[in-house]
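The structure appears right after this line, and notes come after that.
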Amino acid sequence: MKNLLFTELNISQEIIKAVKDMGFEEATSIQSITIPKILDGFDVIGQAQTGTGKTASFGIPILEKIDQNNKDTQVLILAPTRELAVQISTELKNLAKYKKGVSILSIYGGQPIERQIFLLKKGVQIIVGTPGRILDHLDRKTLKLDKIKMLVLDEADEMLDMGFIDDIEEIFKNTPEDKQTILFSATISDEFMNLTKKYQKDPLFLKVEHETISVPKIKQIYYELRENGKQELLCRLIDLYKVKLGIVFCNTKKKVDDVVANLQLRGYFADALHGDMSQMKRDAVMSRFRKGHTEILVATDVAARGIDIENLEAVFNYDLPQDEEYYVHRIGRTGRAGKSGYAFSFISGKDIYKLRDIQRYTKAQIERGVIPKLEEVEEIRMLQFFDKVEEVIDDSDLEKYINLVSKMLSKDSEITSLEVAGALLKMYFKGKIDNSTEIEEMFTSNRNTRNASRNYTRNSDYKRLFINLGKNNDISASDILGAITSECKIDGKLVGKIDIKDNCSFVEVPKDKYIDIINIMKDKTIKKNKIRIEEANIRPRRKF
């Protein structure tokens, strides 16, 4: 099944407009197959990896089916962590931008419960929460689920792995039997299947298969840099690899227009392709690109759908795609018919985590590239310029211009022809090649910041904590990191060294947060194992 445009789905203009504002026109695979079925009222099991657009898969039908005039809680979405709960809530609010009278609230531990109670009393139609805090409100009678029409479990496998099964079942008991139940999961376990059999009615199992890259001659490279360095890097790579035909992918139409304007300002033959253009204009753009009159096409995913260009040398992921499948579609446009090609991806900030998801999804090797130095690019640009000069010398009538140079030289006998040529070169390249340190600073990687934070853990601003779980409990460093970041609302970059022993573990955390971390984590579980956490004993140094 091909991916559908959002306009091809049976959804309101308010949602379509909100989706366009978010920069999307084409639904992902999981969205294309699940949205129509959820809208039709079926119980659904959706299996898809993180990053495939699952939130909109259930979020759009929720917003379409909500009764905007009824202030009762109609939808409950359960998420394993507070970060995911906040993320879902934020995306729902973006999707509901033009839907009047829709109230959405995320509730989770670590947030003042009094404020949550105050907002719940006012009436909230859609609640996104973690199981523990939802149960807390049910116990306090500050939340009623007897009018629930739809219950969604996102990343259900994660919730089961984290030991939430009892909490989930207790929550189900507080909801009507005739509700619609939607479960999304990356993996399907026996425990998961038991849950579906118990609480779903003839569910539809909808799965998105992974796509693999079938063009091994594509060399895939990523560059980690600041957002404001992308434009300069794009120009450097075009010049360094002498790209005569390439596509640059952006996630939004505004970004497409901005990139094209900058490329044209720098003298590149670039053109835009996106959904705001008429079909006639799109055809004209594609005609120029196929004929080679346009060197660089800057496009959104939907606009570039179905493009098949011979001799396409490079694809640039100016923005990483939201959906891993789109990465496969994008880079597969080069390296066709046995030819080689390049796929360059620009990584800024937290994009590095999305890139790892893409690598796992595609099972492809994407190597880290070294940003070309200005001197390398300058040399390439000069050589290209001299090639053009030779072409002009061979093909053009230069007598008029030679006479002008001769007059200039005759006026001042101290000026040489080499100096005239050098001055003309300087005038031509002024602004096109910038030797300032500001441009190089654009490429300072966020990775340096992360490494600095890791090194920071070795000083006295960090505390070492003891946890009573280790290798014998099947606990890994990522399990501990995930538990602390999700429960304590702390950036993972601030967590220091994690040392896993057989029967216990040690983790370094910021000194100003360690008491809060101990208090929050002391009653939690990791992989169904209850945590005992405390400040680690400091061994006295041996005296010799």
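Quick caveat: nothing in here was measured; it's all calculated off a predicted structure. Hydrogens, waters and symmetry mates are skipped; everything else that's a heavy atom, side chains included, is used.
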Exercise for the section: Would you mind reporting whether I182 and P203 have side-chain heavy atoms less than 4.5 Å apart? Expected result: no

Practice task
Side-chain contact test, heavy atoms from C-beta onward, threshold under 4.5 Å: evaluate it for K147 versus T73 and give yes or no.
Solution key: no

Practice task
Show your reasoning for whether side chain to side chain contact (heavy atoms under 4.5 Å, CB included) applies to I117 and K121.
Solution key: CA-CA 6 Å; I117 293 171; K121 283 181 178 178; 3.9 Å; yes

Handout entry: Heavy-atom pair of closest approach, residues L119 and V124
Key = O-CG2, 3.5 Å

Practice task
Using a strict cut-off of less than 4.0 Å between a Lys/Arg side-chain nitrogen and an Asp/Glu carboxylate oxygen, indicate whether R236 and E232 qualify as a salt bridge.
Solution key: yes

Problem - Contact check, side chains of C250 and V259, non-hydrogen atoms, under 4.5 Å - result: yes

Handout entry: Heavy atoms of other groups near F205 CZ, more than 12 under 6.0 Å
Key = yes

Problem - Side-chain heavy atoms of I60 within contact of L95, under 4.5 Å - result: yes

Problem - Pair Y514 + Y462: ring centers closer than 6.0 Å - result: no

Problem - Backbone N/O of Q125 and side chain of S103: donor-acceptor pair under 3.5 Å - result: yes

Handout entry: Whether D139 side chain and D136 backbone form a donor-acceptor pair below 3.5 Å
Key = no

Handout entry: Sidechain N-carboxylate O distance under 4.0 Å for E534, R532
Key = yes

Practice task
Would you indicate whether the side-chain heavy atoms of Y199 and T175 approach each other to under 4.5 Å?
Solution key: no

Problem - Q180 and K65: side chain donor to acceptor below 3.5 Å - result: yes

Practice task
Work out which heavy atom in P61 is nearest to a heavy atom in A56; give both atom names and the distance.
Solution key: CD-O, 3.8 Å

Practice task
Given ring-ring contact (aromatic ring centres under 6.0 Å, His included), test Y222 with F346 step by step and report yes or no.
Solution key: CA-CA 6 Å; Y222 77 90; F346 298 173; over 10 Å; no

Handout entry: Test side-chain contact (heavy atoms from CB on, under 4.5 Å) applied to L320 and N251, D351, I352, the passing residue
Key = D351

Exercise for the section: Calculate, to the nearest 0.5 Å, the distance between atoms CG and CD1 belonging to L206 and I35 respectively. Expected result: 11.5 Å

Exercise for the section: Give a yes or no answer on whether the side chain of E508 reaches the backbone of K497 with a donor-acceptor pair at less than 3.5 Å. Expected result: yes

Exercise for the section: Verify whether one side chain among Q220 and Y327 offers a donor that lies under 3.5 Å from an acceptor in the other. Expected result: yes

Problem - Any donor-acceptor N/O pair, S505 side chain to L469 backbone, under 3.5 Å - result: yes

Handout entry: Heavy-atom check, side chain of L183 versus side chain of V44, under 4.5 Å
Key = no

Problem - Minimum heavy-atom distance between V298 and V256, given as atom pair plus value - result: O-CG1, 3.3 Å

Handout entry: Pairwise distance CG(L143) to CG(N174) - rounded to 0.5 angstrom
Key = 8.5 Å

Practice task
Spell out, as yes or no, whether a donor-acceptor pair under 3.5 Å connects the side chain of T334 to the backbone of I331.
Solution key: no

Exercise for the section: Without swapping roles, check the side chain of T485 against the backbone of L481 for a donor-acceptor pair under 3.5 Å. Expected result: yes

Problem - I62 side chain near V152 side chain, heavy-atom distance below 4.5 Å - result: yes

Practice task
Tell me, yes or no, whether the heavy-atom count around K201 atom NZ, taken from other residues, nucleotides or ligands under 6.0 Å, exceeds 12.
Solution key: yes

Problem - Cationic N near anionic O, under 4.0 Å, D357 to R360 - result: yes

Practice task
Start with the C-alpha distance between K230 and D319, add both sets of side-chain angles, then the distance that settles salt bridge (charged side-chain N to carboxylate O under 4.0 Å, His left out), and finish with yes or no.
Solution key: CA-CA 9 Å; K230 287 183 178 181; D319 299 318; 3.5 Å; yes

Practice task
List the steps and the verdict of side chain to side chain contact (heavy atoms under 4.5 Å, CB included) for N473 and I526.
Solution key: CA-CA 9 Å; N473 305 100; I526 299 179; over 6 Å; no

Exercise for the section: For the residue pair R133 and Q111, confirm or rule out a side-chain donor-acceptor distance under 3.5 Å. Expected result: no

Handout entry: side chain to side chain contact (heavy atoms under 4.5 Å, CB included) between S345 and Y223, worked out
Key = CA-CA 6 Å; S345 295; Y223 298 89; over 6 Å; no

Problem - Salt bridge flag under 4.0 Å for residues K501 and D499 - result: yes

Completion exercise
Output for pair (I45 CD1, K207 NZ), nearest 0.5 Å, gives 12.0 Å

Exercise for the section: Output the distance between atom CG (L151) and atom CD1 (I77), rounded to the nearest 0.5 Å. Expected result: 9.5 Å

Practice task
Please say whether more than 12 non-hydrogen atoms of neighbouring residues, nucleotides or ligands are located less than 6.0 Å from NZ in K37.
Solution key: no

Exercise for the section: If the plane angle is over 60° it's perpendicular, under 30° parallel, otherwise tilted; pick one for F58 and F184. Expected result: tilted

Problem - M159 vs P80 side-chain heavy atoms within contact, under 4.5 Å - result: yes

Completion exercise
Closest non-hydrogen contact found for T130 with G109 is OG1-N, 4.0 Å

Handout entry: Side chain N519, main chain I515, donor-acceptor under 3.5 Å
Key = yes

Problem - More than 12 heavy atoms from other groups under 6.0 Å of CG on D190 - result: no

Practice task
Write down the atom of Y318, the atom of K255, and the distance for their closest heavy-atom approach.
Solution key: CE2-CD, 3.9 Å

Practice task
Inspect the contact between K528 and E191 and indicate whether a charged nitrogen and a carboxylate oxygen are less than 4.0 angstrom apart.
Solution key: yes

Handout entry: Verdict with supporting geometry, F249 and F316, ring-ring contact (aromatic ring centres under 6.0 Å, His included)
Key = CA-CA 6 Å; F249 283 101; F316 300 86; over 10 Å; no

Practice task
Give the C-alpha distance, both sets of side-chain angles, the deciding distance and a yes or no for side chain to side chain contact (heavy atoms under 4.5 Å, CB included) between V75 and I148.
Solution key: CA-CA 6 Å; V75 177; I148 287 289; 5.6 Å; no

Practice task
Would you check if the side chain of D43 reaches a backbone N or O of T181 as a donor-acceptor pair within less than 3.5 Å?
Solution key: yes

Practice task
Run the salt-bridge test on D161 and K527 with the 4.0 Å N-O cut-off and return the result as yes or no.
Solution key: no

Completion exercise
Separation between CZ (R356) and CD1 (I366), nearest 0.5 Å, reads 12.0 Å

Exercise for the section: Inspect the surroundings of CD in E367 and state if more than 12 heavy atoms from other residues, nucleotides or ligands are less than 6.0 Å away. Expected result: yes

Exercise for the section: Kindly say whether Q359 contributes a backbone atom to a donor-acceptor pair with the side chain of Q365 at under 3.5 angstrom? Expected result: no

Problem - Between CD1 on residue I126 and NZ on residue K93, distance to nearest 0.5 Å - result: 10.5 Å

Handout entry: Considering all heavy atoms, the nearest P131-A79 contact
Key = CD-O, 3.4 Å

Exercise for the section: Identify whether the distance between the nearest side-chain nitrogen and carboxylate oxygen of R464 and E535 falls below 4.0 Å. Expected result: no

Practice task
Determine yes or no for a side-chain-to-main-chain donor-acceptor pair under 3.5 angstrom, with Q31 supplying the side chain and T28 the backbone.
Solution key: yes

Problem - salt_bridge(E83, K489) N-O dist < 4.0 Å - result: no

